[in-house]
Amino acid sequence: MLARTLRAPDAWTTFADCYLDALDQIARTETARPASRPSYSYPDSDYRRSDRTRDLAEWHSLLLERLAGSEAEDRLDRLAGHPALGGPELTFLQARLAQLRGDTDAARTLAEACLRRLPGHDGFADFAVQIGAELPASTRDKLTERARRPAAIAPG
């Protein structure tokens with residue numbers, strides 16, 4: 001819904017700035033939080049960052065599409081290295097950004113790292129195939145199985 005609302009490039013830049021400011025606040029809050037002993041009821045900060053990044057992956061993809069190659073592309077660098085984010089979805093964002101900038105070797109390395117963490121992730125696998133990254137055996141097996149499945153028949 002938000003993507004349809006932000007029509008002008010300046011609106012994307014303004015919203016990206018506000019979003020990055022909100023991530024900055026989250027990072028400051030998490031840094032200020034006293035370290036606590038591990039608990040089974042509350043996830044650790046790495047898990048929270050990874051979970052947050054996974055939840056926001058579609059938004060990050062939209063920002064990547066809208067801001068890459070624009071005057072606001074520097075926001076993508078802040079996003080790709082933001083301390084409030086983490087996990088394989090952040091690595092995937094970094095891989096896509098590297099690929100858009102023509103650094104296919106870095107994109108391959110990052111895509112391979114994503115698949116080491118989540119070898120069954122379809123989006124990671126499809127991107128890795130697209131850029132010629134090396135696939136783990138389990139990912140190759142999954143893609144082979146997916147290719148063997150008959151296409152779904154459309155209801156008539």
> Hey, does E89 have a side-chain heavy atom less than 4.5 Å from the side chain of H121?
Replying inline: yes
> Got a donor-acceptor contact below 3.5 angstrom from the T31 side chain to the A27 backbone?
Replying inline: yes
>> Can you confirm whether D105 sits close enough to D103 that some side-chain heavy atom of one is under 4.5 Å from a side-chain heavy atom of the other?
In response: yes
>> Working note: R48 + D51, criterion salt bridge (charged side-chain N to carboxylate O under 4.0 Å, His left out); need CA distance, chi angles, decisive distance, verdict.
In response: CA-CA 5 Å; R48 286 192 309 268; D51 197 41; over 6 Å; no
> Is there a donor-acceptor pair under 3.5 Å between the side chain of E73 and the backbone N or O of G69?
Replying inline: yes
>> Tell me whether the count of non-hydrogen atoms from other residues, nucleotides or ligands lying under 6.0 Å of CZ in R148 goes above 12.
In response: no
> Is the number of heavy atoms from other residues, nucleotides or ligands under 6.0 Å of Q130 CD greater than 12?
Replying inline: yes
> Of the non-hydrogen atoms in P88 and R117, which two are nearest, and what is the gap between them?
Replying inline: CD-NH2, 3.6 Å
> Can you name the nearest heavy-atom pair linking A16 to L63, along with the distance?
Replying inline: CB-CD2, 3.9 Å
> Is there a donor-acceptor contact under 3.5 Å linking the side chains of R96 and Q99?
Replying inline: no
>> What's the separation between atom CG in L100 and atom CD in E65, rounded to the nearest 0.5 Å?
In response: 9.0 Å
>> Between T144 (side chain only) and R140 (backbone N and O only), is there a donor and an acceptor less than 3.5 Å apart?
In response: yes
> Below 4.5 Å, heavy atoms only, C-beta onward: do L79 and L23 meet side chain to side chain?
Replying inline: yes
> T13 and A72: which non-hydrogen atoms are nearest, and at how many Å?
Replying inline: OG1-CB, 3.4 Å
> Are any side-chain N or O atoms of S70 and backbone N or O atoms of L67, one a donor and one an acceptor, separated by less than 3.5 Å?
Replying inline: yes
> Would a 4.5 Å heavy-atom cut-off, applied to side chains only, mark R75 and R78 as touching?
Replying inline: no
>> Donor-acceptor check, side chain of T53 to backbone of L85, threshold 3.5 angstrom: yes or no?
In response: no
> Which pair of heavy atoms, one from A111 and one from A95, lies closest together, and at what distance?
Replying inline: N-CB, 4.0 Å
>> Could you tell me if the side chain of D55 sits less than 4.5 Å from the side chain of R52, heavy atoms only?
In response: no
> Hey, are the side chains of K142 and D122 touching, using non-hydrogen atoms and a 4.5 Å cut-off?
Replying inline: yes
>> Would a single hydrophobic cluster contain both L118 and L56, if residues Ile, Leu, Val, Met, Phe, Trp and Tyr are joined by side-chain heavy-atom contacts under 4.5 Å?
In response: no
>> Can you confirm whether H60 sits close enough to Y19 that some side-chain heavy atom of one is under 4.5 Å from a side-chain heavy atom of the other?
In response: yes
> Do D77 and L97 come close enough that some side-chain heavy atom pair is under 4.5 Å?
Replying inline: yes
>> Do L110 and I131 land in one hydrophobic cluster if side-chain heavy atoms of ILVMFWY residues count as linked below 4.5 Å?
In response: no
> Which pairs, with at least one residue in residues 86-118 and sequence neighbours excluded, count as a ring pair (Phe, Tyr, Trp, His ring centres under 6.0 Å)?
Replying inline: F92-F124, F92-F127
> Does the T91 side chain pair with the main chain of C114, one donor and one acceptor, at a distance under 3.5 Å?
Replying inline: no
> Got a sec, which residues hit salt bridge (charged side-chain N to carboxylate O under 4.0 Å, His left out) with D74, two or more places apart in sequence or on another chain?
Replying inline: none
